[in-house]
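Below is one structure, written out as structure tokens; comments come after it.
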Amino acid sequence: GSLTFGKGRELFLSTGDNATPFNQANSKYKLDGYGPMDNREGFEQYDARRSSSNTNDLRGKVLRIKVNTDGTYSIPEGNLFPVGTAKTRPEIYTMGTRNSYRISVDKKTGYLYWGDVGPDAQEDNPERGSRGYDELNQAKKPGYFGWPLFIGNNYPNRQFDYETGKSGDYYDPKKPLNLSKNNTGLVELPPVSPAFIWYPYAKSAEFPDVGTGGRNAMAGPVYYSDMYPAATRFPSYYDGKLMFYEWMRGWIKMVTMDKDGNYEKMEPFMESFLDNFFKIAGKAIIMKMMEMEIIEVLPLAYIRGRSI
């Protein structure tokens, strides 16, 4: 999970879907890296509909609360479900996330960004649904982002009976329904929002600049030079651009958006520096620095004047 503050005393926090991504034991039919939606008794941990797509559950979400001065919290206006709505939790800002590992709030627009680490299926399967994608997501307002019914550009998964091995209907992005017997929330879900950027292990036709290989999408911040000291800030060229980074693939991209926050392009950032850094430090050390949250602030603390 991840924590970040928005305006005032608003706190955003992300939670994982708490679903097991690995194959079920003692089962003829298995997940095999596809969206976990096992409806059998005793296999509840393999059903992310009970968490991420459950309007009455805090798992698989980004929550938004207001921290009060006495240490309690209250619900700010404008979350996905108003306080008192039956079978919902008012803390929910976005739902239908799998593993929103890093989140960030644009300090000027208030837009929320997060990287969502996806499942491992490497190929589309006509009997099961979509292959796995990592996502960089943008929420200009509260919303539902699909997991495990949908992934990427709202690519649908299929209902699947793990007792018989028979496939059912594809989930409909125009009318998303949570049909799990483990669902304690609403059956009819909010409209589903597509990912802002999405990519599989293989080459992406839509976003070829991300390359190929392992996946671990992370997002933010949106950079503004006037928020940093003049002596060490990056050029104003980067103002309003979103930092999008992938330590599995070893790059940082700066994402350019139009005045309405829509995607326009991405470009490499500090490319030669990162190439040398990975060669010298090695992936194991870099992963440890990530755990210690040292490496995330490295680009913004980078001292001007060194060759990159």
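Predicted model only: the values in this text are computed from it and were never measured.
Distance alone, capped at 3.5 Å, is enough to place a donor-acceptor pair between the R233 side chain and the S225 backbone. When atom types are taken as modelled, the side chain of D124 and the backbone of R131 share a donor-acceptor pair closer than 3.5 angstrom. At least one donor-acceptor pair under 3.5 Å links the side chain of R50 to the backbone N or O of D47. When atom types are taken as modelled, the side chain of Q138 and the backbone of G261 share a donor-acceptor pair closer than 3.5 angstrom. When atom types are taken as modelled, the side chain of N178 and the backbone of L186 share no donor-acceptor pair closer than 3.5 angstrom. Distance alone, capped at 3.5 Å, places no donor-acceptor pair between the E206 side chain and the S204 backbone.
Here OH of Y29 is found 12.5 Å from CD of Q24. Values are rounded to the nearest 0.5 Å. Rounded to the nearest 0.5 Å, atoms CG (D134) and CD1 (I197) are 12.0 Å apart. Interatomic distance, OG of S52 versus CE of M95, reported as 8.0 Å (0.5 Å rounding). Distance OH/Y171 to CD/Q159: 4.5 Å, rounded to 0.5 Å. Atom CH2 in W251 sits 9.0 Å away from atom CG in D209 (nearest 0.5 Å). Considering CE of M257 and CG of D260, their distance stands at 11.5 Å, rounded to 0.5 Å.
Taken together through direct or relayed side-chain contacts under 4.5 Å among Ile, Leu, Val, Met, Phe, Trp and Tyr, V222 and I103 form parts of separate hydrophobic clusters. The hydrophobic clustering, which links ILVMFWY residues whose side-chain heavy atoms are closer than 4.5 Å, places M227 and L242 together. The hydrophobic cluster containing F5 does not contain Y101, counting ILVMFWY residues as joined when their side-chain heavy atoms lie under 4.5 angstrom apart, directly or transitively. Hydrophobic clustering keeps Y93 apart from I75 (ILVMFWY residues linked when any side-chain heavy atoms are closer than 4.5 Å, directly or through intermediates). By the rule that hydrophobic residues join a cluster once side-chain heavy atoms approach within less than 4.5 Å of another member, F145 and Y111 end up as members of separate clusters.
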Practice item. For side chain to side chain contact (heavy atoms under 4.5 Å, CB included), just list the numbers for L149 and N157, CA-CA rounded to whole Å, side-chain angles, deciding distance to a tenth of an Å, and then say yes or no. Key: CA-CA 5 Å; L149 279 60; N157 286 316; 6.0 Å; no

**Study point:** Audit row: E135, W147, side chain to side chain contact (heavy atoms under 4.5 Å, CB included) steps and yes/no
**Key:** CA-CA 11 Å; E135 300 176 350; W147 178 255; over 6 Å; no

Exercise for review: Start with the C-alpha gap between F244 and Y113, add the side-chain angles, then the distance that decides, and say whether ring-ring contact (aromatic ring centres under 6.0 Å, His included) holds.
Suggested key: CA-CA 10 Å; F244 169 31; Y113 295 92; over 10 Å; no

Practice item. Would you sort out whether F43 and Y162 count as a side chain to side chain contact (heavy atoms under 4.5 Å, CB included), showing the intermediate values? Key: CA-CA 10 Å; F43 289 86; Y162 284 91; over 6 Å; no

Point to revise | From CA spacing to verdict: side chain to side chain donor-acceptor pair (under 3.5 Å), D17, S51 | key: CA-CA 6 Å; D17 68 355; S51 55; 5.3 Å; no

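Ring centroids of Y201 and Y133 are separated by 6.0 Å or more, keeping the two rings apart. In this structure, Y223 has its ring center closer than 6.0 angstrom to the ring center of Y228.
Each of N99, L136, T94, V105 was compared with W114 under the side-chain contact (heavy atoms from CB on, under 4.5 Å) criterion, and only T94 meets it.
Of all heavy-atom pairs between N68 and Y73, the closest is ND2-C, 3.4 Å. Counting all heavy atoms, side chain and backbone alike, R98 lies closest to P21 at NH2-CB, 3.5 Å.
Side-chain polar atoms of S53 and Y144 form a donor-acceptor pair below 3.5 angstrom. Under the 3.5 Å distance criterion, with hydrogens and angles disregarded, a donor-acceptor pair is assigned to the side chains of Q45 and T20. Side chain to side chain, K241 and T256 meet the donor-acceptor criterion of an N or O pair below 3.5 Å. With 3.5 Å as the limit, one finds a donor-acceptor pair spanning the side chains of T184 and N54. For the residue pair N39/R49, the side-chain donor-acceptor check at 3.5 Å is satisfied. A donor atom on one side chain and an acceptor atom on the other are found under 3.5 Å apart for R40 and S27. R89 and N56 share no donor-acceptor pair across their side chains, judged by distance under 3.5 Å alone. Counted by atom type alone, S180 and N183 present zero donor-acceptor pairs between their side chains at under 3.5 Å. Between the side chains of Y34 and E127, not a single donor N or O lies within less than 3.5 Å of an accepting N or O.
Summarising the local packing, CD of E41 is surrounded by 12 or fewer heavy atoms from other residues, nucleotides or ligands at distances under 6.0 Å. Dense packing is recorded around NZ of K30, with more than 12 heavy atoms of other residues, nucleotides or ligands lying under 6.0 Å away. Within 6.0 Å of atom NZ in K87, 12 or fewer heavy atoms from other residues, nucleotides or ligands are found, so the atom counts as exposed in its surroundings. Environment of NZ in K108: crowded, with over 12 heavy atoms of neighbouring residues, nucleotides or ligands closer than 6.0 Å. Counting heavy-atom neighbours within 6.0 Å of N26 CG, excluding the residue itself, gives a total of 12 or less. Around NZ of K166, the count of heavy atoms belonging to other residues, nucleotides or ligands within 6.0 Å does not exceed 12.
Ring geometry for F207 against Y263 counts as perpendicular: the plane angle is over 60°, on a 0 to 90° scale with 30° as the lower cut. Ring pair Y245/W247 is tilted by interplanar angle, where 30° to 60° counts as tilted.
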